[in-house]
Amino acid sequence: MSEAGHPRLAIRGLTKSFGGVRALSRADLTIMPGEIHGLLGKNGSGKSTLIKILSGFHKPDEGTLEVDGTPVALPIPLGRSEAIGLSFVHQNLGLLPEATVLENLIAGDHERIRPWFIDWSAEAARARRLFADHNLDLDPWAVVADLSPVKRAQLAIVRAADRVKAHNASASPGLLVLDEPTPFLPIEDVRELFAMMRALKRSGVSIVFVSHDIDEVMEITDRATVLRDGEVIGTFETATSDRGRIVEAIVGRSLAQGRLVSDAVAAPPAISVRGLKGRMLQALDFDVAPGEILGLTGLIGSGYDEVPHLLAGAQPAKAGQLEIDGRVRDLVGLEPTAAIEAGLVFIPADRQKQGLALDLTLTENAMLPLAAGGRGRFWLDHGQREATTMDLIRRFVVKAQAPRQAASELSGGNQQKLLLGKWLQLVPKLILLDEPTQGIDVGARREIYDRLFEACARGAAIICATSEFEQLEMIAHRVLVFERGRVKAELRGSAVTKSSIEQACYGETKVHEPF
Amino acid sequence: MNLSSLGNHVERFGLVLVWLAVIAIFGAMRPDTFLTWSNFSSIFGSEAVLVIVTLGLVIPLTAGDFDLSIAQTLTFCSMLTGLLSARVGIPIEAIIPIALLAGAAVGVVNGAITLYFRVHSLIVTLGVGTFLHGITLWMSDSQTISGVERALMNYVIIYRIFGIPVSFYYAILLAALVWYVLSYTAFGQQLLFTGRGREVGRLSGVAVGRVRMAAFVASGVMGAIAGILYTGTTGSANPNSGTTLLLPAFAAAFLGATCIKPGRFNAWGSVVAVYFLVTGINGLSVLGFRTYVHDLFYGGALVVAVMVSQLVSGRKERTL
C-alpha cells in the first residue's frame, strides 16, 4: 500500500559503467505520486541508461530503488516492471501497425488473457470502457496503421497505464515512463497528448517525461531533472525556474575542438534548393557554394536529417526544386538515377541497407555506380574494374586485403571509406552526407574529413547532416540549425562552435508557439 | 598452392567431384548398363530441357525473385507448339517466334503484377503458373497432342554431334549466354545488386524495377524455349509435361549455387547440378529402384543444397 509521504519512485546512488566508461554515476532521482517529472539531457548524458535500468534491461553496478517506500531488488527481472508499478512507452510506441487497436491493447498481456481462449466481445467492451475513462475516441476494431500518429501515441500510453493498473502488486496508480513520445508530432497533437497526461496525473499516476524539447518540459512537468555526462546536474521546479539555467545545465561548458576549415567561402552559391518539403520539413530554402561544407543539425525530430535523403531521391519529397548549374529540377518524384546524373552523390548513414551490399565484393560495390550507368554494357573488363578499385582503396586509405574480398570483412571505418571512394570517383558537384562518421573511430574520421576537404578544393559542395556538433565545429563553414521542420538559426564561420550550436538547439525560439 | 586456396578449389569443384564419384560407384556396380555411351548420350540429350528450365530460374533468382510459373510456361508453350503444328499445320519456323512471344508475355504478366502491386513473386508466379496450366488443359482438352512436324524432332533429338543429340548443345549455348550476361555485363551486376542489395542498387542508379521485369521476361522466354524442345524431344505435347520439372529445376539452381561460383546462382554450377541429379536418378533406376526415388532424390537434394549453401556462406540468410 502506498502510504502518504512516500515518493512513488526513489532512486539513490545508481551507477553503471560500460567497459570502464561511466554511463551513469551515483544518480539520485525522486518522483512523487501524481507528479509529472521531466528528464532532460543530451545524447549520451545517461538518460537512456537510467531508463534501461528501470526497465530491467541493464543491471546497475550500485544503487537502490524504492517504489512507494518498498525497496525493489535490482536488477528488475525483464517483464516484471509492471508488477512493481512501472510501465514504459518508447519512442517507437511498440505497436504492430497491421493489427487492430484491440489486438495491440491485449498483446503480451499474458497475466490476464488466457492462452487457449480469447473472449473478443468481452475484451472489446473492456477496451471501450478503458477508452471512455481516458476520454479517448478510439475504436477497438480499427487497424492501428489507419490511426493518426497522435492516436497511436495515445493508444500506447493508455495501454501502459492500463497494464500498470491491472498488474501492479500494490494498489498504487504506478509510474509511466514516456521516452520521447512527441518529436514527430505536430504541436496541436502534442497539446492533445498533454491533456491526456494531465488527466492521468489527476488520477494519481506519476509520469517521467523524457524529451529533448525544453519548452515541452517547461509546459507539462512539475519538476525536471537534468543529466549530463552520466551525472545528475540538478532538479528544477519548472514553474519557477529560469529557462536559461536549465539550458546551461544541459549543455555545460564544452572545450573548443579547433576548426579545420577556413571561416569563409569565396565562391558564389551554385546550388540552390527552394521550397523543399518532406515528412517533417516545411518549405526549406537554402543555397550552397562550390567548396563549401554546409552543416545541417538539430534535435531529434527536427527534420534536418531528411534533407540528404530527399535531395538524393532516396525518400520522396512532397515539394521542392533543385537548381544546379543553372538547371532547375523538380524534386518531387526525383529518381536516384536523375540525382546522380545531376552530379549529386549520397553517402547514407545506413551502410548495411543503403550504402554497400556487404556480402558482395569490394570491386562489385565500388564499381556499382559505373555498372548502373551502363559502363561495360557488353563486356565488363574485370581487370580494369579491379585496378580501379585498388586505386580507390589506396587513395581512400581503405585497409583491405584484396579487391575480391567481401565488403562485410572490412571494419566500419573502412567500409565508410570504401563508400566514400565509390561515390567520390564520380567527381560529384554536390556531396550529401548523412551522419558520415557514425560508429567510426577518431583516426578514420580524420581520414574521411581529409578526403572531403580534397573534394571541396576540387570545387564540390558538401551538405553534412549530423547530430554531432563537435564534427560541425571542425569541418563546417556554415551550419543551419533546425526545429520542427524549419531553420531556427544560421551560424557562419568562426561562430560555428559546439557550444553555439547547442545554444541554438536548446535556445528559445520564435517558431515554437506558446500553449 | 596454399591451404585456403586449396579449400577454395575444393569448394568450387566439390560438386563436380561428387558427380564423378557417383558415376564411378554406379559404373562399378553396373558397368555394362550404366557405364555406356548410349546411356550417357541419352541423359545429356533428354535432360537438356531441365538444364534450360534451371537456367531460366537462375535469372530471376539472382534478382531476388522466384518464378514458379516457369514449368507451366514450358507446358503451355509445348502445347502451343504441338497444337499449331499438328492441328493448325503452321510450319515450325513460324511457330517458334509465336511460342517465344507467348513465353515473354507470361514474364510480362508476372513482372507487372509483382512490381505494380508489390506482391511477392512467389505468390504471383504460383498463381499465374496454375492459371496457365488451366489454359493448357483447356486448349488441349487434357489430351496429349501428337503428330508434330518431323523437322522439329530432327533438330532437337534426332540429329547428333559426337553421338549426343543437338538439344544438349542448345542447352550449353544458353548456359554460355547466361554465364556471359551474369559475369561479363553491366546488366549482370545490376541483377546481382537488385537481388542482394536492392536499396543499395536503387540508390546507386540501378533501375531495379526494370531489371526485375527483364528477369521475369527472360525466364518466360527460357520456359518457352524449354517447351519447344520438350515437344521436339518427344514428338508430342503432353498437358502435364512441366509439372514434374519444377522441383528438380529449383533443386539444381540451389545446388548449382554451391559450386563453380559458390554463394551465387550461376550458369555452369546449374549445368553441373542438373547432370549430377539426373545421373544419380539414372543410376538408381538402373539398380532397379522404382520411380519414387525421383522424389526422394530431388526433394532431398533441394533441402541439402540450401543447407550446404547456408553452411558455405556462413553469413546472413539468403532472403527469400
Side-chain angles (χ1 to χ4, degrees), chain A residues 308-309 311-315 334-342 344-348 350-361 363-383 385 401-402 404-409 415 419 422-423 426 432 434, chain B residues 2 4-5 7-9 11-12 62-64 115 118 176-212 214 257-258 261-266 309-319:
Chain A
H309 291 90
L311 294 183
Q315 187 183 308
L334 178 84
E335 286 291 325
T337 322
I340 295 166
E341 212 178 82
L344 274 65
V345 300
F346 170 46
I347 294 160
D350 190 346
R351 272 195 298 276
Q352 281 208 23
K353 279 211 187 91
Q354 302 189 310
L356 300 169
L358 291 183
D359 56 352
L360 301 183
T361 68
T363 306
E364 284 167 331
N365 273 294
M367 296 298 110
L368 177 62
L370 306 181
R375 171 95 57 97
R377 188 166 289 130
F378 299 110
W379 187 253
L380 278 185
D381 186 340
H382 287 296
R385 279 160 56 89
Q401 286 161 346
R404 286 189 199 184
Q405 76 184 122
S408 58
E409 291 167 18
Q415 285 176 2
L419 188 55
K422 166 184 165 184
W423 286 114
L426 301 182
L432 303 163
D434 181 18
Chain B
N2 65 29
S4 82
S5 82
N8 249 327
H9 278 77
E11 196 183 323
R12 289 188 61 187
T62 301
L115 294 169
R118 294 168 191 268
L177 180 67
V178 171
W179 168 71
Y180 157 73
V181 170
L182 290 185
S183 305
Y184 286 95
T185 66
F187 182 70
Q189 290 291 301
Q190 297 181 6
L191 273 173
L192 185 64
F193 274 87
T194 302
R196 296 291 190 88
R198 198 162 283 166
E199 190 61 7
V200 174
R202 187 180 79 88
L203 292 177
S204 302
V206 176
V208 290
R210 243 179 290 167
V211 169
R212 291 172 74 190
T258 64
K261 222 171 179 185
R264 308 233 170 133
F265 294 105
N266 67 86
S309 63
Q310 281 296 344
L311 285 178
V312 165
S313 67
R315 286 191 213 105
K316 279 170 302 182
E317 62 271 44
R318 184 167 286 116
T319 44

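Letters A, B, ... mirror the listed sequences (proteins, then strands); counts begin at 1.
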Quick one: which of [options] has the most heavy-atom pairs under 4.5 Å with chain B, could you say?
options: A:Ala339, A:Gly373, A:Pro369, A:Ala314; result: A:Ala314
options: A:Glu335, A:Glu341, A:Glu364, A:Met367; result: A:Glu364
options: A:Ala357, A:Ala338, A:Gly313; result: A:Ala357
options: A:Leu370, A:Leu360, A:Ile340; result: A:Leu360

Check your understanding: Any side-chain donor paired with an acceptor under 3.5 Å for B:Gln189 and A:Arg375?
Key ->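 No, no side-chain donor-acceptor contact under 3.5 Å.
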**Study point:** Interchain contact, A:Asn365 with chain B, by part (heavy-atom threshold 4.5 Å)
**Key:**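 Both backbone and side chain.
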**Study point:** Part of A:Phe346 lying under 4.5 Å from any heavy atom of chain B
**Key:** side chain
**Study point:** Heavy-atom donor-acceptor pair, A:His382 side chain to B:Ser183 backbone, under 3.5 Å
**Key:**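 Yes: the side chain of A:His382 pairs with the backbone of B:Ser183.
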Check your understanding: Taking 4.0 angstrom as the limit, do A:Arg351 and B:Glu199 come out as a salt bridge?
Key ->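 A salt bridge is absent here (no side-chain N lies under 4.0 Å from a carboxylate O).
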Exercise for review: Can you measure from CZ (B:Arg212) to CD (B:Gln190) and round to the nearest 0.5 angstrom?
Suggested key: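 Result: 14.5 Å between the selected atoms.
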**Study point:** Close side-chain approach of B:Val206 to A:Leu368, heavy-atom, < 4.5 Å
**Key:** yes
